[in-house]
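Accompanying notes for the structure given below.
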Amino acid sequence: MIRRSLVWTAAFAVVATSAHAQLTQPIDAIAPDAFRWRSIGPANMGGRITDVEGLPSPSKTFYVAAASGGVWKTTNNGVTFQSIWTDDRVVAMGDLAIAPTDPMQIWAGTGEEDSRNSISAGGGIFKSTDAGATWERKGLEATQVIGR
């Protein structure tokens, strides 16, 4: 159930981004019914989302872990995303966690738990203390999958 809604969210964000340039009012005021739904891909195994973690409201910041695409961050409720993953040797993501006492501290477990032949194994667990600007490997390098 969660993965289906995440796919909808990612599709909505992409459609909303292209439609936003044509609108005169903020995207938050537009109902999803105003958009024409269409498949935006991918048609293969790529593009899967393994986890989404966000900061408590009123923040508009959340992080998305891609099965084969690193970590992405939005600060505008998903209108746009920026890749914040800096380790090109490991791109398969399994799980994210934000420290409850420090929103700048993010943990990333690498290696998707529902692995397919289209991605590589993980490379351990990583920590960021600056909201994803930089990452440091913290161990478990031999663990190929960290899904929780």
Side-chain angles (χ1 to χ4, degrees), residues 1-21 27-28 30-32 35-148:
M1 183 84 162
I2 291 174
R3 287 201 173 109
R4 287 184 188 151
S5 65
L6 296 179
V7 171
W8 176 86
T9 302
F12 177 75
V14 172
V15 173
T17 301
S18 63
H20 187 264
I27 194 77
D28 292 337
I30 301 297
F35 295 100
R36 181 180 53 86
W37 296 101
R38 66 185 192 278
S39 175
I40 59 172
N44 60 16
M45 289 186 171
R48 294 184 322 278
I49 304 299
T50 57
D51 194 17
V52 175
E53 297 291 335
L55 301 178
S57 185
S59 174
K60 295 181 178 188
T61 299
F62 61 92
Y63 301 87
V64 176
S68 60
V71 181
W72 295 77
K73 179 179 181 179
T74 179
T75 56
N76 56 13
N77 264 350
V79 174
T80 59
F81 286 84
Q82 177 181 1
S83 175
I84 60 168
W85 189 246
T86 57
D87 191 331
D88 292 335
R89 294 170 296 150
V90 179
V91 296
M93 304 309 297
D95 194 31
L96 292 174
I98 301 172
T101 58
D102 182 4
M104 300 292 283
Q105 187 180 127
I106 305 162
W107 292 82
T110 62
E112 184 198 6
E113 64 181 332
D114 296 321
S115 179
R116 305 224 171 35
N117 60 357
S118 63
I119 63 167
S120 60
I125 191 162
F126 292 75
K127 177 184 178 183
S128 174
T129 57
D130 53 12
T134 61
W135 296 90
E136 180 181 349
R137 189 184 313 256
K138 298 307 266 182
L140 301 174
E141 290 87 357
T143 305
Q144 294 187 357
V145 174
I146 300 174
R148 287 200 121 163

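- Note that CD1 of Ile98 is 11.5 Å distant from CE of Met104, once rounded to the nearest 0.5 Å.
- Here the OG1 atom belonging to Thr129 is positioned 8.0 Å from the CD atom belonging to Glu136, to the nearest 0.5 angstrom.
- Within the 4.5 Å cutoff, the side chain of Trp135 has no heavy atoms near those of the Val90 side chain.
- Across all their heavy atoms, Met93 and Ala65 have their closest contact at CB-CB, 3.8 Å.
- Around CD of Glu53, the count of heavy atoms belonging to other residues, nucleotides or ligands within 6.0 Å exceeds 12.
- No donor-acceptor pair under 3.5 Å is formed between the side chain of Ser128 and the backbone N or O of Ile106.
- Proximity of a side-chain donor or acceptor of Lys138 to a complementary backbone N or O of Trp107 within less than 3.5 Å is not detected.
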Apply the test ring pair (Phe, Tyr, Trp, His ring centres under 6.0 Å) to residues Phe81 and Tyr63: give CA-CA distance (whole Å), side-chain angles for both, the deciding distance (0.1 Å), then the verdict. CA-CA 9 Å; Phe81 286 84; Tyr63 301 87; over 10 Å; no

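- Checked by atom type and distance alone, the side chain of Asp51 pairs as donor or acceptor with a backbone atom of Leu96 at under 3.5 Å.
- Rounded to the nearest 0.5 Å, atoms CH2 (Trp72) and OG1 (Thr80) are 11.0 Å apart.
- Phe62 and Gly78 get closest at one heavy-atom pair: CE2-N, 3.7 Å.
- Here the rule is side chain to side chain contact (heavy atoms under 4.5 Å, CB included) with Thr61, and of Asn77, Asn76, Leu55, Thr74 only Leu55 fits it.
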